[in-house]
Amino acid sequence: MTDEHEHYEAVVVGAGPGGAAAAAVLARNGVETLVLERGVEAGSKNVTGGLVYAEESAPYTVDALFPDFREEATERPVTDYYLHNVAGEQVETFDITDLHEHDTEWSDAVLRREMDSWMADRVHELASETGGGLLTDVRVNGLLRDGGEIVGVTCDELDPIWADLVIAADGVNSELARDAGLMDWDDPDEWFQGVKAVVDVPSEIIAERFGVGDDEGEAHLFSGDLFEGVRGGGFVYTNEDSLSIGSVFHLDSIVEQEAEPHQLLDNLLTHPLLADWLEGHYDEVEYSAKLVPDSKKAANPSPHEGRLLAVGDAAGQMQAQGPIIKGMNHAVSAGALAGEAFAEAKLRGKPEQAGDLYERKLREEGVMGKLRPKGYRVASALGEREPVANATDSLLTSPVGRLGVRLLGDRLEDLYSSPYLSQIVPDTQTPYVTLPTVIAEELGERVAGEADFEPKDLATRIGDLTYDTDVGNPHIELLDDSVAASGAAVTACPVSAKDFGGGCYREETVKTNGSEQKRVSLDTQPCVECGTCAVVADTDWEHPRGGKGVEFEQG
């Protein structure tokens, strides 16, 4: 190490839950810690569905690291959880609160801008006591190496910073994890894409229509035939005075079905059930999107390289437990364990062993077991084979299958509430589309609401976003503009659509020397930085430089 360079014992990149947890543990152990956040404020680049869980078996919970977290940084406790099986206007609702409460100390609805900025204030205070602190508007663009060894980070706005430890908490589009070879974007089936609208609804209307008090809240999930056969579902979470309404789908399924994400969201917004909840109160204030890793396939069992430790989405640590998605709680556990590992390794005089110790803690504390459950590997090996999946769907839709659903009746609710079964659900049409549709057709009741509003169109949604342009510095380079190589991005991109020229991508027919060829082109200005195009198309993608790009007000 040299005095010619700025040096910290630890540099944490990203001030989301994973980065905040890591920084808090490092600072409390006296480690000189600098946190670098690329947004103008922590949370301005982040989006969640979203619920944060405190698991009883988790080594760390966010409220244990940050006292007053629930009182000051969350929206509402989620006390009831429902799954709606939908076939047109037929709906059969299951109460799966037991599954939600399994291994759960508490769960609250959150919005990332408020939550992350609240935590950032505490992190800055803690880190400042070590000689570090938290800086926003700084984009870390890569790893600093010396003789091939990772020794720090490089930034757009600052000179290279040397560090004994680098924590990559820079999210699902982690430039550091990719730089270190800990993450790739090769397989769309390893990712989910979430799209969300935040709708302002007065707290008294939420109380009336959902039947909840000030310290109560509800979560509602939707599956069945309202999403055009795409594998995934919708959600509605009650915030303090707004609703988070969105959808989460397997990215490979969106591509296969050539589905438009914003239209799938509209299918949910205009469903009769939501029409009743939103009647007279549709005021959509923000449209957003993000990718999330499917930890069953993408969680890195060894998320470290040299001095670099990856946590949260950067390490693929997002658990889909059947219909329930848990990500932020695992990011908190991983971040805190990474900080703990470095502090212990430093105390032993062997800081270079922090990565191995972090990996061991993830395994021994049970985090990896939840992220990559053994039961899923066994179930998917058989259940996700196409002939088996097709045969299962054929049986379910046959008279025999329908009779079985009718005979099971209310016991299906118990099966959906099983923590074990929820971990081994195969990623096929069966659990997301076929079975819910049959359940609704055979057991459901008709709902009669009718939306008294038209959802905002895509151009309006994009226009409502706060976006700092960076003309001349595009963050997406299209490597092959043929439809074959990059055409999937036209539909899969949540801010683009066929025949819509104002989006991130657009498709056009080019006439050259009497021949025609379909090509795609891009305009990165309204990009929401979800990274979808990097996974499904032939692009070279990086984050906009610090402070540029979209700024979410809700998140």
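Predicted model only: the values in this text are computed from it and were never measured.
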Flag side-chain contact, heavy atom, 4.5 Å: [X] against [Y]:
| X | Y | result |
| --- | --- | --- |
| V153 | L144 | no |
| I424 | P373 | no |
| R112 | P17 | yes |
| R360 | L357 | yes |
| Y81 | L51 | yes |
| L158 | V138 | yes |
| L26 | V12 | yes |

Sole candidate of D63, D215, D108 that passes salt bridge (charged side-chain N to carboxylate O under 4.0 Å, His left out) when paired with R70: D108

Counting only pairs under 3.5 Å, give me each side-chain donor-acceptor contact of residues 32-39, with atom names and distances, residues two or more places apart or in other chains.
unit_1 : atom_1 : unit_2 : atom_2 : d
E32    : OE1    : E9     : N      : 3.4
T33    : OG1    : V31    : O      : 2.7
E37    : OE1    : A15    : N      : 3.0
E37    : OE2    : G39    : N      : 2.8
R38    : NH1    : E529   : OE1    : 3.0
R38    : NH1    : H543   : ND1    : 3.4
R38    : NH2    : H543   : ND1    : 3.2

Determine whether the side chains of [X] and [Y] contain a donor N or O and an acceptor N or O closer than 3.5 Å.
| X | Y | answer |
| --- | --- | --- |
| N329 | T61 | no |
| S57 | D103 | yes |
| E72 | W118 | yes |
| S295 | Q319 | no |
| H330 | Y53 | no |
| H304 | S302 | yes |
| N141 | T154 | yes |

Taking E384 for its side chain and A389 for its backbone only, find out whether a donor-acceptor pair lies under 3.5 Å. no

Just by distance, do the side chain of Y358 and the backbone of A310 share a donor-acceptor pair under 3.5 Å? yes

Closest approach of [X] and [Y], non-hydrogen atoms and distance?
| X | Y | value |
| --- | --- | --- |
| A109 | V78 | N-CG2, 3.9 Å |
| E218 | H220 | OE1-NE2, 2.7 Å |
| A334 | V311 | O-CG1, 3.8 Å |
| L65 | A336 | CD1-CB, 4.2 Å |
| W541 | R178 | O-NH1, 3.4 Å |
| P293 | D313 | CD-OD1, 3.7 Å |

Flag if over 12 foreign heavy atoms under 6.0 Å of CD, E149: no

Above 12 or not: heavy atoms from other molecules or residues under 6.0 Å from CD of E386? no

With rounding to the nearest 0.5 angstrom, report the [atom1] to [atom2] distance, [X] to [Y].
| X | Y | atom1 | atom2 | result |
| --- | --- | --- | --- | --- |
| L478 | C533 | CG | SG | 9.0 Å |
| S253 | Q193 | OG | CD | 11.0 Å |
| H124 | E129 | NE2 | CD | 10.5 Å |
| I96 | E101 | CD1 | CD | 11.5 Å |
| W191 | W185 | CH2 | CH2 | 7.5 Å |
| L337 | R363 | CG | CZ | 12.5 Å |

Ring geometry between F94 and Y416 (parallel below 30°, tilted from 30 to 60°, perpendicular above 60°): tilted

Going through the checks in order, is the side chain to side chain contact (heavy atoms under 4.5 Å, CB included) test met by V110 and T48? CA-CA 8 Å; V110 297; T48 179; 4.1 Å; yes

Start with the C-alpha distance between R372 and D294, add both sets of side-chain angles, then the distance that settles salt bridge (charged side-chain N to carboxylate O under 4.0 Å, His left out), and finish with yes or no. CA-CA 9 Å; R372 300 192 76 131; D294 182 352; over 6 Å; no

Side chain to side chain contact (heavy atoms under 4.5 Å, CB included) between C527 and Y467, intermediate numbers included: CA-CA 9 Å; C527 175; Y467 199 86; 4.0 Å; yes

Of E6, H5, H7, the one forming a side-chain hydrogen bond (donor to acceptor under 3.5 Å, both in side chains) with W162 is H5

Applying salt bridge (charged side-chain N to carboxylate O under 4.0 Å, His left out), run through R231 and D252 and close with a yes or a no. CA-CA 9 Å; R231 300 198 321 276; D252 61 323; 3.2 Å; yes

If you apply the rule side chain to side chain contact (heavy atoms under 4.5 Å, CB included), what do you find for K370 with E55, and how did you get there? CA-CA 11 Å; K370 296 174 186 174; E55 292 188 317; 2.8 Å; yes

Identify whether the distance between the nearest side-chain nitrogen and carboxylate oxygen of [X] and [Y] falls below 4.0 Å.
| X | Y | result |
| --- | --- | --- |
| R76 | E216 | no |
| K346 | D164 | no |
| R139 | E175 | yes |

Test log, rule side-chain hydrogen bond (donor to acceptor under 3.5 Å, both in side chains), inputs E41 and T136: CA-CA 6 Å; E41 183 181 72; T136 59; over 6 Å; no

Walk me through whether F552 and L465 qualify under side chain to side chain contact (heavy atoms under 4.5 Å, CB included). CA-CA 7 Å; F552 293 115; L465 292 172; 4.1 Å; yes

Checking K45 against E551 for the salt bridge (charged side-chain N to carboxylate O under 4.0 Å, His left out) test, could you report, in this order, the C-alpha distance in whole Å, the side-chain angles of both residues, the deciding distance, and whether it holds? CA-CA 6 Å; K45 292 289 186 182; E551 175 188 339; over 6 Å; no

Pair K361-E344, salt bridge (charged side-chain N to carboxylate O under 4.0 Å, His left out): steps then yes or no: CA-CA 12 Å; K361 286 176 178 289; E344 289 183 16; 3.1 Å; yes

